[in-house]
Amino acid sequence: MHLLPPQLASLIRAAVIAAQAAGDLPPFDLPAAIPVQPSSKPELGDYASPVALQLARLARRRPLEVAASIARHMPSAPFVAAAEVAPPGFLNIRLDESWLLAQIDAIIAAGDDAFALDIGRGKRAQVECVSANPTGPLTVGHTRNGVIGSTMANILAALGYAVEMEYYFNNAGRQMRILGQSLRARYWQALGLPAELPAEGYQGEYLVNVARQLVEAHGAALRDEPWERFKLEAERAMFAWIERSLALINIRFDTFFNENSLYEDGSVWRTLEALEARGHVYRALVREGAGEEERAKLPPDAKEAIWFRATTFGDEEDRVLVKSTGEPTYVLPDIAYHVNKLERGFDYLINVLGADHIVEAQTVARGLSALGYDPEPVHVVIYQFVTLIEGGEQRKMSTRRGEFVTQDDLVADVGADVVRYFILARSPNSHLEFDLDLARKHANENPVYYIQNAHVRCAGIFRQAAERGLTDDGADLTLLGERERAFVRKMLEMPEVLVQCYEELAPHKLAFYALDLARLFHPMYDEVRVLHGDVPADLARARLRLYGAARVVFKRLLTLLGMSAPEVM
RNA sequence: GUGCCUGUAGCUCAGCGGAUUAGAGCGCUUGCCUACGGAGCAAGAUGUCGGGGGUUCGAAUCCCUCCAGGCACGCCA
C-alpha cells in the first residue's frame, strides 16, 4: 500500500534539488525531514507542506517565492495532480482523481489485508504485556496494560512484522508463598477446620471459591499438604482465570515466560558473570560515593551486596543486583530476561509498563548496554495509572486486601468493546480516570457504537442489494461525488496513522482515526443513497462499490482495535 | 527536596511549532422518524488552552518560573 507523505516528501526534495540545479533556488543543504501532512484546509488541497516557510531563511528568499520555485520543479507522479502555492508559503498538493478512485478497488482487492505495509516484512517482533503475577484476578489496571499491548501487537502485524505476544511472570517469590498459605487456610476453613489467614494474607473472596472447588475435587485429602501444593493449585486457578478474562477482551498470548526458568537454566548467574567480566560490577556495603549517613545506617554485621555500576551508563545511582543475603534483586533476572529476548532474535520489542516501572526499564536498558547489546530494539510503552471513581469517590485498589474492581466485572457491566475503546481512546500518557457509575450509565452512549454502526450500515446495504439483485459489477467510479471522494481521501490516511502509532508508540491515534472516519461516514450515508428509487442504476453501482471499500476499512479498523465488527446491531 | 507524567468546553479527552474561526465524544438547545437498521442526520450555545515571563515570521504546542494533581526516588516486585 502507498504511504503518501514520504512519497510526497521525496518529490518535494527532488523539486528543491532541481530548482537549485536550474538556478531557481540558491544552493543550501536540505533538512533531513520534509514535513508533509494531510491538509487542514481541504478546499486548498489534499496534502500540505510548510517546507518553504522553513527553507526561506536558508534560501534568503521570501517563503512564497521559495514555494513557487518548488512548485515549478515538482516532478510528475501518478498520484499527484497539482502542486500549488498559498500564503504565507504553503505548498498544497492535490491528489490525482483517477488515482484516488482506483484506490477504492485496491482496498476491496486487499480485503482483510487492506493498508498492510511492509515496514516490518521479514522481521520478528514481540510484545510483552500484562505480566501480572498469578496472585489474583486481573484488575482494570492490568486491563489498560493488556489493551495497549495487544493493540500495538495488531499494529505491528499490520506493518508486516511477525508478532508474538508474551506474558512474563514470577511464581517463586514471597507473594506466591503467602498466596499458597492463604489458600491453605481457606481450604481448612472450607473443611470446617480452624485456620487463619497469614498476617499479610490474601483476603479476597476468590480464594474461598478456589478452596471450595478443591474440597469438591479432593475432599479432605489435601489437609496435610504443605503450602507449596496450595500455591500450585492457586497458581493454576489464577492463570485459568486470567487467560479466560484476557480472551474476553480479545487478548491472547503465544508464550507464558516463567522468570524461574532464568534461574533454572543458569542465565541469571551467567548475566551477572558477564557484567562482572566487563567490569561493571562491584561488591560493597553501600554504593560507591555514598555519604557517611548511609554508611552509618547499616547494621554492624552488614554484609556486602553486589552492585551494578549503572552510573557509567548515565544513571543517577548504582543499582543492587544481588542482595547481601545472596539473593538477586528483580533487576538481575530482568536484565537476563531481556538478554534472552534479544537472543531469541526479535528485531523489535515492546514492553508495556505502568508509570511506576520507568526506572526499572531504564536500568534494564543500561544493563543491556553494559553487556554489549544494543538496547535500541527494546521499546517501552509507559502508561499512567488508572484511577477508579465510584460513587464520586476514588477507589484504592489492593489485590492482597481483596479490594479491587476486576476486569470481568467491568466487562460484564459495559461490554468488552466499550472497555477496549475507552482505554484506547486515551494517550498512554494520560492519567485515565474511570468513573464506573458513568461508564455503566452511558454504556450505550458511546463512540464505540457510532464506529461499529458504520460497519453495520455498510453490511446492511449489501444485504439489501443482494435481495434486490444489485451488484457493483462494472461500476463507473467517476460518477462519485465530492463527499464520497473526501471520504476516500480520509480512508487513504489510514496507513499514515498506522505508521504514527508505531513510531510514537501511540495506539490511541488509531482509535481517534476510527472515530474521525465514522464522522465522515454517517453524513455521507445519509445523503449518498444506493437503493433509493431516485438513484439511477449506474450511480447505484458506483456507490455500492464505494461502500464495499468502506466496509473493508471499518472492519479492518475495528479488528486492529481488538473490537468486534458486527453485521447487525 | 529531585526526576518523570498531567493540567484544553459542564464532564471525559484529542491536538504538542504552522494556514488569526482551538477540536471530538457525552451532556445541553432547536429541527428531521413513509428512504439501504434513527445506536442516525441538520443547525446551535459553551473555552483567560492552570498563572506569569520569554524565544519565533507564527506558541495550546518550544524555553524559564510559579501553582495544582499522579507516579517514582528500597539490598520490594
Side-chain angles (χ1 to χ4, degrees), chain A residues 35 37 39-41 44 48-51 53-54 56-57 62-63 86-90 92 133 170 173-175 259 285-287 298 302-307 316-317 319-331 333-334 354-360 362 382-385 387 389 421-422 425-435 438-439 441-442 444-454 456-465 467-468 470 508-509 511-513 515-516 519 521-535 540 543-544 547 567-569:
Chain A
Q37 58 214 218
S39 180
S40 56
K41 300 261 175 183
L44 294 178
S49 175
V51 67
L53 290 159
Q54 291 172 354
R57 174 173 299 191
R62 300 215 320 249
F90 282 93
N92 289 315
N133 289 336
N170 171 357
R174 182 182 112 91
Q175 290 308 319
E259 176 184 331
L285 288 172
V286 294
R287 62 174 55 88
L298 289 167
K303 295 193 177 113
E304 289 186 323
I306 302 178
W307 298 77
E316 317 167 321
E317 53 187 39
R319 310 282 170 180
V320 173
L321 294 174
V322 181
K323 306 181 219 172
S324 54
T325 59
E327 272 179 302
T329 62
Y330 67 92
V331 175
D334 219 5
D356 55 338
H357 286 80
I358 296 176
V359 174
E360 171 185 356
Q362 290 168 339
I382 297 286
Y383 63 93
Q384 300 297 322
F385 277 17
T387 315
I389 312 281
Y421 189 83
F422 192 86
R426 274 148 190 79
S427 154
N429 273 338
S430 99
H431 302 263
L432 199 167
E433 202 163 282
F434 209 137
D435 190 319
L438 226 53
K441 192 171 147 210
H442 297 298
N444 291 318
E445 299 148 3
N446 204 292
V448 171
Y449 301 107
Y450 191 74
I451 298 166
Q452 289 178 323
N453 193 219
V456 168
R457 286 179 144 181
C458 291
I461 294 171
F462 277 88
R463 252 194 324 274
Q464 285 285 326
E467 281 174 21
R468 300 186 198 186
L470 175 72
H508 69 283
K509 300 207 167 191
F512 278 95
Y513 170 75
L515 182 58
D516 276 353
R519 280 173 14 85
F521 175 87
H522 288 293
M524 175 175 79
Y525 173 90
D526 221 48
E527 189 179 278
V528 183
R529 297 279 161 169
V530 178
L531 302 168
H532 189 242
D534 293 347
V535 181
R543 290 177 172 179
L544 190 61
Y547 283 113
E567 300 271 318
V568 287
M569 267 167 50

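Just so it is clear: chains get the letters A, B, ... in the order the sequence lines come, proteins before strands, and each one is counted from 1.
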Original post:
For every nucleotide of nucleotides 21-30 of chain B, 5' to 3': is a protein heavy atom under 4.0 Å from its base (B), only from its sugar-phosphate (S), or from neither (-)?
Top reply: B--SSSS---
**OP:** Let me have a per-nucleotide readout for nucleotides 67-77 of chain B, 5' to 3', with B, S or -, counting only protein heavy atoms under 4.0 Å.
**Re:** --BBSS--BSB
Original post:
Hey, does the side chain of A:His522 reach the backbone of A:Tyr450 with a donor-acceptor pair shorter than 3.5 angstrom?
Top reply: yes
Original post:
Is there a donor-acceptor pair under 3.5 Å between the side chain of A:Ser49 and the backbone N or O of A:Pro35?
Top reply: yes
Out of [options], whichever nucleotide has its closest atom nearest the side chain of [X]:
X	options	result
A:Ala86	B:A14, B:A35, B:A19	B:A19
A:Arg426	B:U12, B:G18, B:A39	B:U12
A:Ser430	B:G18, B:C13, B:G37	B:C13
A:Arg457	B:G40, B:G15, B:G37	B:G40
A:His508	B:C41, B:G37, B:G15	B:G15

Original post:
Which word best sums up how the rings of A:Tyr547 and A:Tyr525 line up, parallel for under 30°, tilted for 30 to 60°, or perpendicular for over 60°?
Top reply: perpendicular
Grab the [atom1]-[atom2] distance between [X] and [N] for me, whole Å please.
X	N	atom1	atom2	value
A:Ile461	B:G38	CD1	P	10 Å
A:Asp534	B:C36	CG	P	13 Å
A:Phe521	B:G38	CZ	P	10 Å
A:Glu527	B:G38	CD	C1'	17 Å

Subject >> B:C62 versus B:U46 - spacing of their C1' atoms, nearest Å >> reply: 30 Å
Tell me which nucleotide, if any, is Watson-Crick or G-U wobble paired with [N] when both distances must be under 3.5 Å.
N	value
B:G17	none
B:A35	none
B:C4	B:G70
B:C26	B:G10

What's [X] touching, base or sugar-phosphate or nothing? Going by heavy atoms closer than 4.0 Å.
X	result
A:Leu432	sugar-phosphate
A:Tyr525	base
A:Gln54	base
A:Gly460	sugar-phosphate
A:His532	base
A:Val535	nothing
A:Asn92	base

**OP:** Under the salt bridge (charged side-chain N to carboxylate O under 4.0 Å, His left out) rule, collect the residues that match up with A:Arg468, sequence neighbours excluded.
**Re:** none
**OP:** Check whether any side-chain heavy atom of A:Tyr383 sits under 4.5 Å from a side-chain heavy atom of A:Leu432, and report yes or no.
**Re:** no
Original post:
Would A:Arg529 and A:Glu527 pass as an ion pair if we require N to O under 4.0 Å?
Top reply: no
Subject >> Glycosidic conformation of B:C64, taking syn as within 90° of 0 and anti otherwise >> reply: anti
